[in-house]
Number of protein chains: 2
Amino acid sequence: MDQVLSSVRNGCRLLKIFLDSPKELGVTELSKKLQLSKGAVHKLLSTLESEGFIRQNEKTKQYTLGYTLLELGTKVLTNHDIVDFSKPFLDQLVSRTNELAVLCVQDSKDAIYVAKEDSLHPVRFTVESFRRFPLYSTSAARVLLAYQPEEFQDEILQEHPLKSYTPHSYTSVEQIKEDLVTIRERGYEISSNRRNTGVTGIAAPIFDSTGHITASVSVIGPSDRVMPKKDEILQETLATVRAMSAQLGYRMS
Amino acid sequence: MDQVLSSVRNGCRLLKIFLDSPKELGVTELSKKLQLSKGAVHKLLSTLESEGFIRQNEKTKQYTLGYTLLELGTKVLTNHDIVDFSKPFLDQLVSRTNELAVLCVQDSKDAIYVAKEDSLHPVRFTVESFRRFPLYSTSAARVLLAYQPEEFQDEILQEHPLKSYTPHSYTSVEQIKEDLVTIRERGYEISSNRRNTGVTGIAAPIFDSTGHITASVSVIGPSDRVMPKKDEILQETLATVRAMSAQLGYRMS
DNA sequence: AACGATGTTCTCTATTCGTGAACAAAACAG
DNA sequence: CTGTTTTGTTCACGAATAGAGAACATCGTT
């Protein structure tokens, strides 16, 4: 694909470097990570700064992400109606299960939690919203992947060299693919210790009026609290996604 | 200033157009607003899309802001320690005044509310966080402006053709400049109906160890509730900013 | 005071950005 | 259903500039 504006791409990548870095970065450091000359990086930074996407610390001379990104980020949320739509459902799910409930959507080749409702438990598991993670790593994400065409599933599973998070993470592509089949058959996913040790997730899909999957809902909590109540939580989760799907116009066949 | 990468600037401006537009926009519309050819806009969009900054609705073919902006936006917040720092202070202020409390910072030539704590009142005034507004428009913003060099104040007040929000908004530059002097003399601002009719704000500055202003705190609410208690609220606000400044190492002279 | 690191500026050419027009593909109207 | 309009997409080319690389400036450190 040569239909790409190289400097714009560089600007985007520069910004994304900050996602996995300390809050401030210098020109030299950025030029190494981007493999660009210091001069080029400096021009990028001043352009981005003049538009409010980057800020320079006057004392340290180092650079940080600017407030315009905060404006744009909140706009993404307000644009995304499913977030508002899901709020009352997640609330209810939390009040009935006493565990964290999240809404997970797919964005190109990643999964993201776009809404969450924390449990009121003093000891509670929390997730990081709005950060991408692989479509095979959590139960909510795997539900999304399960309802995608097989070619896409293979593309995802081949691409990454399967990140391993815990001793119980997946080790083979075949293992995941079997699980994806199971998810479609049962209509839900329940799994422990894949992404975080001692944590169990129960997830199910939401469909729209065209029958396509739009998001997934997951209840997540410490395994020793969730496992004893797993049937009850599963029923609540399934009831929730059915209600949500119905409201989106989905008719069960 | 010709030290600017034009395509990067165009990309940034394209993204910002979405801030004041419906959630989806088409190529033609964007090309008009940017005054660029359709082809150029299309290249911009595909580049931004490949980096996750833009998403295309497959049905309508129109474009929206992408999730990467959400990631970056939340990163801005976690980077910004003053937001976390201010949380307990705002909480306390709300519990004592029963009105909305906000933290306001300056970003280049604008003001932004970067943290807020809603009042528990059933009828409550709310503000939009993370959106820019002029440094002369709200009490919290004017406090920030009041402690800036006079040249900068003039620059700000000359630049805009003073936006008018309510019948009681400022109409002349002189009027604002007088108010800025008063703010410095008194160390706080209290004003009604400038930005929103029937709303009163009480704001005061936070200083760091070098004596520079870093942010301002404001209590905002319906005038008929705030005005009768204004002395009490003012004292609470002043106590809060003094405590915050002290913790940042500021020593009162 | 000399050094080493940083951020910043400069010059120049290969690169590419943006234009404008042609194309495809929908949405719409008659 | 068919012609028409409007949309998004592709293309070729010349003018504009992005990026390299070195020199410069400005720190903090030794």
Side-chain angles (χ1 to χ4, degrees), chain A residues 1-18 21-66 79 108 209-210 212, chain B residues 1-18 21-66 79 107-108 208-210 212:
Chain A
M1 172 176 325
D2 60 330
Q3 274 291 42
V4 155
L5 307 186
S6 58
S7 64
V8 175
R9 180 168 35 79
N10 289 336
C12 291
R13 293 190 177 162
L14 187 153
L15 293 172
K16 286 198 275 189
I17 288 177
F18 284 90
S21 307
K23 74 182 222 188
E24 294 194 342
L25 289 170
V27 174
T28 315
E29 209 168 346
L30 286 166
S31 81
K32 275 177 202 155
K33 298 204 181 191
L34 279 173
Q35 311 211 61
L36 277 172
S37 69
K38 278 204 292 176
V41 170
H42 186 260
K43 266 196 233 177
L44 268 176
L45 286 166
S46 5
T47 307
L48 291 168
E49 185 180 15
S50 73
E51 297 296 328
F53 284 63
I54 280 285
R55 237 163 6 115
Q56 184 173 30
N57 183 325
E58 296 190 352
K59 291 159 210 153
T60 66
K61 293 281 173 186
Q62 303 234 86
Y63 293 89
T64 330
L65 297 175
N79 278 352
S108 69
S209 59
T210 69
H212 289 111
Chain B
M1 170 173 328
D2 61 330
Q3 275 290 43
V4 154
L5 307 185
S6 58
S7 64
V8 174
R9 178 169 36 80
N10 289 336
C12 290
R13 294 191 177 163
L14 186 153
L15 293 172
K16 286 198 275 188
I17 288 177
F18 284 90
S21 307
K23 75 183 221 187
E24 295 194 343
L25 290 170
V27 174
T28 316
E29 209 168 346
L30 286 166
S31 81
K32 274 177 203 155
K33 298 204 180 188
L34 278 173
Q35 311 211 61
L36 276 171
S37 68
K38 279 203 293 175
V41 170
H42 187 261
K43 269 195 228 176
L44 269 175
L45 286 165
S46 9
T47 307
L48 290 168
E49 185 180 16
S50 73
E51 297 296 328
F53 284 62
I54 280 284
R55 235 162 12 112
Q56 184 173 31
N57 184 326
E58 297 191 351
K59 289 160 211 153
T60 65
K61 294 281 175 185
Q62 304 234 87
Y63 293 88
T64 330
L65 298 175
N79 278 353
D107 185 41
S108 71
D208 63 18
S209 58
T210 68
H212 289 111

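We name chains A, B, ... by the order of the sequence lines, and we start the count at 1 in each one. Below, all heavy atoms of this structure are taken into account, side chains as well, without hydrogens, waters or symmetry copies.
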Does [N] have OP1 or OP2 under 4.0 Å away from a side-chain N or O of [X]?
X     : N      : value
A/S6  : D/dG19 : yes
A/N10 : D/dA18 : no
A/Y63 : C/dT6  : no
A/H42 : C/dG7  : no
B/Q56 : D/dT9  : yes

Of all the heavy-atom pairs spanning [X] and [Y], show the shortest one and how long it is.
X     : Y     : value
A/T47 : B/L5  : OG1-N, 3.0 Å
A/S21 : A/K33 : OG-NZ, 3.8 Å
A/Y63 : A/E49 : CE2-OE1, 4.3 Å

Task: DNA chain C: 5'-proximal contact among B/K38 and A/T28 (nearest heavy atom) - done: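 Mapping each residue to its closest nucleotide by heavy atoms, the 5'-most match is A/T28.
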Mind calculating the distance between [atom1] ([X]) and [atom2] ([N]) to the nearest angstrom?
X     : N      : atom1 : atom2 : result
A/L44 : C/dG7  : CG    : P     : 14 Å
A/L36 : C/dT15 : CG    : P     : 15 Å
B/R9  : C/dG18 : CZ    : C1'   : 13 Å
B/L5  : C/dG18 : CG    : C1'   : 15 Å
A/L45 : D/dA18 : CG    : P     : 15 Å
A/L48 : D/dA18 : CG    : P     : 12 Å
B/E29 : D/dT6  : CD    : P     : 15 Å
B/K43 : D/dA12 : NZ    : P     : 12 Å

TODO: Give A/S37 one of three labels, base, sugar-phosphate or nothing, depending on what nucleic acid heavy atoms sit under 4.0 Å from its own.
DONE: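 A/S37: base contact, heavy atoms under 4.0 Å.
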TODO: Could you tell me whether B/G39 contacts a base, only the sugar-phosphate backbone, or nothing, with contacts defined as non-hydrogen atoms closer than 4.0 Å?
DONE: base
TODO: Give the nucleotide from the list C/dT8, C/dC17, D/dG8 with an atom nearest to the side chain of A/K61.
DONE: C/dT8
Task: Test item: A/Q56 side-chain N/O and A/K61 main-chain N/O as donor-acceptor pair under 3.5 Å - done: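 Yes; judged by distance alone, with no hydrogens or angles, the pair exists.
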- [ ] Salt-bridge test for B/R13 and A/E51: reply yes if a basic N is under 4.0 Å from a carboxylate O, no otherwise.
- [x]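 A/E51 and B/R13: salt-bridged.
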TODO: Between A/K59 and A/V8, just flag the one whose closest nucleotide in DNA chain D comes earlier from the 5' side.
DONE: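 Whichever sits nearer the 5' end wins; that is A/V8.
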